Asks: 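Right, I'll just put the structure down here and ask away after.
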Amino acid sequence: MTQGTPPPSPPLPPLPPPMSASATLNSDTPCRKCGYNLRGLNVSGRCPECGAAISISVGGDLLRYSDPDWLQKLANGANLIVTGYIAIFLTTFVAGFFGILRLRSVLAVGTLVAVAAGLLVIVGAWLVTEPDPSGIGEDRYGTARRLIRITLAIGIADSILRIITQFSTLHPGVRLIVHSLQLAAGIATVIGFLAQLQYFSKLTQRIPDDSLTTRANFLKIALPVTYGIFVAFTVLTVVQGPIARGARALGPNPAFLLFGCGTAIVGIAVLVFFIMYLFLVARSGRSFKEQAHAARQMWHWADPNPSGLTQA
Ligand SMILES: [Zn+2]
């Protein structure tokens with residue numbers, strides 16, 4: 001046995017590049033806690049704005065040097081998105097089953113549960129698009145991040161509309177307007193969804209995790225393409241439906257069968273890619289949690305006694 005071998009210790013996060021205690025920051029460096037520009041200040045000092053040790057802000061733009069509380073929000077947001085979508089899936093499945101049995105009261109409860117699950121997804125996406133308090137990353141994904149939040153607000157309005165239409169009898173004219181608004185909200189949701197994949201493809205570069213980035217970039221193309229084809233096939237099938245019924249006496253309509261089969265096949269592809277998206281979000285959530293843990297250790301290492309308080 002070799003004497004003096006240190007006991008195994010949990011792996012520490014990579015530390016920021018070593019800097020002399022007397023070094024002065026000569027380039028724009030945002031404080032990792034509040035975003036204050038620390039240029040011209042000494043590395044051994046504290047942020048004049050929030051009191052955080054300046055040494056935590058010199059490690060570059062990787063997530064593991066970010067505010068641990070912010071990273072934990074990202075992790076919680078990702079988990080809520082996944083939980084919400086699973087709840088929507090289950091509710092849709094159960095509601096579909098009771099829909100066959102025509103139990104209206106169960107369907108109404110199903111709508112409420114689906115709306116609640118949708119709100120979980122919205123809250124999760126809101127948390128996951130919380131800006132880095134240092135302002136880092138905004139130049140790369142700030143637009144996508146804000147676009148997601150705008151579409152989330154539209155999603156909330158859509159949820160309210162759904163409850164209203166489910167529980168009240170609307171004038172046909174009003175109903176038409178509501179359906180048009182719901183269609184617009186649906187389009188906004190798709191745009192927000194694509195912005196989310198763009199956001200994840202950029203944010204995961206800050207882990208960095210190439211497999212997550214590659215997956216997000218793949219889904220950014222695969223999902224809209226298959227979804228677009230799915231919508232086109234659905235419309236074509238619906239259009240062919242009456243023609244098929246009218247021509248039933250002449251035998252089966254090949255176009256109707258073709259579009260129907262196409263819709264089913266592309267629909268399965270959309271579902272598979274959507275499940276891949278859920279795995280992407282779940283894995284990102286786990287990764288954000290790990291980064292939060294690493295950041296907490298890093299911040300503690302850099303500043304064992306954080307003052308953390310702004311002078312009143
Ligand atoms: Zn600060």
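We count ligands from 1, going down the list as the structure has it; atoms in each ligand are counted the same way. In what follows, every heavy atom counts, from backbone to side chain, and hydrogens, waters and symmetry copies are set aside. For the single chain, residues carry numbers from 1 onward in sequence order. Predicted model, so just to flag it, every value in this text is computed and none were measured.
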Asks: Please collect all ring pair (Phe, Tyr, Trp, His ring centres under 6.0 Å) contacts where either partner lies in residues 25-50, sequence neighbours excluded, each pair once.
Replies: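 For residues 25-50: none.
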Asks: Taking only Lys NZ, Arg NE, NH1 and NH2, and the carboxylate oxygens of Asp or Glu, determine whether Asp67 and Lys73 approach each other closer than 4.0 Å.
Replies: no
Asks: Is it the case that Arg145 and Thr129 place a side-chain donor and acceptor less than 3.5 Å from each other?
Replies: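 Arg145 vs Thr129: no donor-acceptor pair found between side chains.
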Asks: For a distance under 2.8 Å, give residue and atom name for each protein N, O or S atom next to the Zn ion (ligand 1).
Replies: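 Per the 2.8 Å query on the Zn ion (ligand 1), atoms found are Cys31 SG, Cys34 SG, Cys47 SG, Cys50 SG.
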Asks: Can you establish whether the number of heavy atoms outside Arg162 located under 6.0 Å from its atom CZ is more than 12?
Replies: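 No, CZ of Arg162 has 12 or fewer neighbouring heavy atoms, counting only those of other groups under 6.0 Å.
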Asks: Would you tell me whether Thr263 and Thr234 have side-chain atoms, one donor and one acceptor, within less than 3.5 Å of each other?
Replies: no
Asks: Does a donor on one side chain and an acceptor on the other come within less than 3.5 Å for Arg175 and Thr165?
Replies: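 No, no side-chain donor-acceptor contact under 3.5 Å.
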